[in-house]
Protein chains: 2
Amino acid sequence: MTDAPDDAPGPCAAETTGVAEAADAPCADGAAGARLCPGGEGQVSHAIARVARAHRITAGNLLRRLGLYAGQELLMMRLWEAGPQRQSELIKLLGLDPSTVTRMVQRLEQAGLVTREPCAADRRAVIVATTEAGEALRKEVGQVWQELEERTLAGLGDDDRSELARLLAHLEDNLTGC
Amino acid sequence: MTDAPDDAPGPCAAETTGVAEAADAPCADGAAGARLCPGGEGQVSHAIARVARAHRITAGNLLRRLGLYAGQELLMMRLWEAGPQRQSELIKLLGLDPSTVTRMVQRLEQAGLVTREPCAADRRAVIVATTEAGEALRKEVGQVWQELEERTLAGLGDDDRSELARLLAHLEDNLTGC
DNA sequence: CACAAATCATTGGCCGACCAAGCAATCGGC
DNA sequence: GCCGATTGCTTGGTCGGCCAATGATTTGTG
């Protein structure tokens, strides 16, 4: 029902909104996302969603140059820090779904960054380890994360940064602690 | 090359880490993700990534009960606020890729929440509008977002909240401003 | 020892999100 | 009026994520 008697004062009429609309050519990062309610008011959730997306996109753009996709770097970091380990460890420590890790590891293997060999002691398990090529990325990924960190925190003083860290930790506890 | 001569001191040995590991049955939200470097140090990026994921998962769990997937609610909100509009408007205002919006709208149409009718004045365009069923979700989605907002900000005073809003806005500018 | 229960990993299905290509229609300048 | 940009949307492919179901192993218990 509601055969759309149309109403719509003029849906087609509005062409170019003419607002802002500038983040195109100048930077290759793309993806802006308009701020819905500029009046800071409530809606921290909206802000989180937008920041998260922008952050992920930025990270993705930086990582792409290394041949990685957003998310993969976290797995590699675990491997670099803790050495070869079984997939279930990665799943637990990254807090991801098993299937996500399975496929991510498969792709990383296909990219030549990790190896997957069956564990001798437990024939169910799979041991994941970095290859030479994977190890070689360690430094560059570190730089990328530093770059990302700087870009994210630009213009914030030390007090603001620690405040931010405190608040984020609180949010995380709120959201993961059930 | 690198036939993995290695050895692996004992990767298989480590069974259950025995740490924490509690967020399972008590709450249905799942997905925790271990904190890598507890020492607050740098790594705000890690914190952002974790908070974002937890936030999205929480939102997804709340929205699923309404038959929505995370992300779709933003599109519906635009529709509720601004009424029927062409897809390109949604794309611009949500800051998403055209293909993302196309498929999302298709799925929403398939779910009976929106309609897609060709625009008479511009035969390239498609006008998206909410259906009765879509309109009916408005209140519930509002409640879900409020619930999400509360859950996210639990335990924070007004000053902390405004501080957080300020910092997030700053981060957003940093990351989207190119 | 045998059999049920928990663990490990994989596959299939689905979404959001991206890029790259492509087609249709409109808008421009000439 | 015509032919090249530009805009609007769609499709195909890829990834990160999730859930659900399945098949191997281990482990635990009677």
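For clarity, every value in this text was computed on a predicted model and none was experimentally measured.
You'll find the side chain of Q72(A) stays beyond 4.5 Å of the side chain of L63(A), heavy atoms only.
For R56(B) and dG17(D), the CZ to P distance is 11 Å, given to the nearest whole Å. Rounding to whole angstrom units, CZ of residue R53(B) and P of dG17(D) are separated by 7 Å. Taking atom CE of M104(A) as the reference point, atom P of dT10(C) lies 13 Å away to the nearest angstrom. Atom-to-atom, CD of E109(B) to C1' of dC9(D) comes out at 14 Å; the value is rounded to the nearest Å. Regarding L75(A), its CG atom lies at a distance of 15 Å from the P atom of dC15(D), rounded to whole Å. Across the protein-nucleic acid pair, L63(B) atom CG and dG16(C) atom P stand 11 Å apart, rounded to whole Å. Straight-line distance from the CD atom of Q110(B) to the P atom of dC14(C): 10 Å, rounded to whole Å. Between the C1' atom of dA17(C) and the CD1 atom of I91(B) lies a distance of 13 Å, rounded to the nearest Å.
Using a cut-off of 4.0 Å between Lys/Arg side-chain N and Asp/Glu carboxylate O, R138(B) and E135(B) are scored as salt-bridged.
Phosphate proximity of dT10(D) to R116(B): present, with a side-chain N or O under 4.0 Å from OP1 or OP2. The side chain of R86(A) places an N or O atom within less than 4.0 Å of a non-bridging phosphate oxygen (OP1 or OP2) of dC8(C). Distances shown here put a side-chain N or O of Q72(A) below 4.0 Å from the OP1 or OP2 atom of dG16(D).
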Distances for protein N or O near nucleotides 24-26 of chain C N or O, under 3.5 Å:
| residue | atom | partner | partner atom | Å |
| --- | --- | --- | --- | --- |
| dT26(C) | OP1 | R123(B) | N | 3.2 |

Please write out the pairs of protein N or O atoms and N or O atoms of nucleotides 11-14 of chain D separated by less than 3.5 Å, giving the distance to one decimal.
| residue | atom | partner | partner atom | Å |
| --- | --- | --- | --- | --- |
| dT11(D) | OP2 | Q106(B) | NE2 | 3.2 |
| dG12(D) | N7 | R103(B) | NH1 | 3.3 |
| dG12(D) | N7 | R103(B) | NH2 | 3.3 |
| dG12(D) | O6 | R103(B) | NH2 | 2.5 |
| dG13(D) | O6 | R103(B) | NH2 | 2.9 |

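Two residues, A125(A) and A70(B), neighbour DNA chain C, and the one matched to the more 5' nucleotide by heavy-atom proximity is A125(A).
Between the side chains of T102(B) and Q87(B), a donor-acceptor pair is found at a separation under 3.5 Å.
Contacts of T100(B) with the nucleic acid, taken as non-hydrogen atoms under 4.0 Å apart, include base atoms. Using a 4.0 Å heavy-atom criterion, one finds that R64(A) contacts no nucleic acid atom at all.
At a threshold of 4.5 Å between side-chain heavy atoms, the hydrophobic network of Ile, Leu, Val, Met, Phe, Trp and Tyr places Y69(A) and V141(A) in two separate groups.
Judged purely by atom type and a 3.5 angstrom limit, E149(B) uses its side chain to pair as donor or acceptor with the backbone of Q43(A). Checking side-chain atoms of R53(A) against main-chain N and O of G95(B) turns up a donor-acceptor pair under 3.5 Å. In this structure, the side chain of T152(A) engages the main chain of L148(A) through a donor-acceptor pair within 3.5 Å.
Residue D159(B) places its CG atom among more than 12 non-hydrogen atoms of other residues, nucleotides or ligands, all under 6.0 Å distant. Counting heavy-atom neighbours within 6.0 Å of Q146(B) CD, excluding the residue itself, gives a total of 12 or less.
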